[in-house]
Every structure is written in structure tokens, then in C-alpha cells.
Amino acid sequence: MALGRDWYEQVAAHPDTLAEHPAVRTAAAVGDQDVIFDEAFNFVSSTAYQRLTGDTDDFWEAWETYLAARSISDKRGRRRP
């Protein structure tokens, strides 16, 4: 997904096509294992929330609430989502 929608769709349909991506080919030549990792990808959810609402603080508060509720459910023996 970090390589863009077009590549995501291609690779989802035919995983071997990832080897054809120019960045992957270059990385393979030099032994770079982190070529398709992007630190910003870790923040996709909060970035999308900010774009929609203009506020990131509410996202993180909602995330903490979700995690707390999930933890309580786990302690009660319920199945996690």
C-alpha cells in the first residue's frame, strides 16, 4: 500500500509483480530491505482523520478509548475484534 494504489492493486492480484517495481529492483541490487517501508504510513489513520476534521487530538483520544474498551473486553473473556 505504501507504493500507491496502482501497485497495491497489481500486487494484490499478482504478488510476483512487486518484483517489477523500480524501487524494489534497485533495493534488491543493493540489499536494501526497507525500500517499501515508509514511516509516515504508520500514521495513515490519524492523517486521514485530521484531513476530515482538522483535528488530530480527537483521533488519539478516541484511539485510547478504543484500546481501553478492547482491554476490558479481553479481561472478560470476550473475543477481540
**OP:** Quick one: pull up CH2 in W60 and CG in L67 and give me the separation to the nearest 0.5 Å.
**Re:**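 The CH2 atom of W60 sits 9.5 Å away from the CG atom of L67.
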Subject >> S45 OG to W63 CH2 distance, which is reported to the nearest 0.5 Å >> reply: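 These two atoms lie 7.0 Å from each other.
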**OP:** Please name the pair of heavy atoms, one in D55 and one in D57, separated by the smallest distance, quoted to 0.1 Å.
**Re:**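 Heavy atoms of D55 and D57 come nearest at OD1-N, 2.8 Å.
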Subject >> T26 side-chain N/O to A23 backbone N/O, donor-acceptor pair under 3.5 Å >> reply: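 A pair under 3.5 Å: no.
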**OP:** Indicate yes or no: at least one non-hydrogen side-chain atom of E9 is less than 4.5 angstrom from one of R5.
**Re:**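 With C-beta onward as the side chain, the pair touches.
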Subject >> Partner residues of E20 under the salt bridge (charged side-chain N to carboxylate O under 4.0 Å, His left out) criterion, sequence neighbours left out >> reply: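 Salt bridge (charged side-chain N to carboxylate O under 4.0 Å, His left out) check on E20 returns nothing, list empty.
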Original post:
Can you say whether the rings of F59 and Y49 are parallel (under 30°), tilted (30 to 60°) or perpendicular (over 60°)?
Top reply: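 It falls in the tilted class, 30° to 60°.
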**OP:** Could you go through the side-chain contact (heavy atoms from CB on, under 4.5 Å) check for W7 and H21 one step at a time?
**Re:** CA-CA 8 Å; W7 277 98; H21 190 281; 3.1 Å; yes
**OP:** With sequence neighbours left out, write down each residue that passes side chain to side chain contact (heavy atoms under 4.5 Å, CB included) with D32, or none if nothing qualifies.
**Re:**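 Here the qualifying residues are A27, V30, D34, V35.
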Subject >> Residue pairs, two or more places apart or on separate chains, that pass salt bridge (Lys or Arg N to Asp or Glu O under 4.0 Å) and touch residues 42-52 >> reply: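 Listed once each, the pairs would be none.
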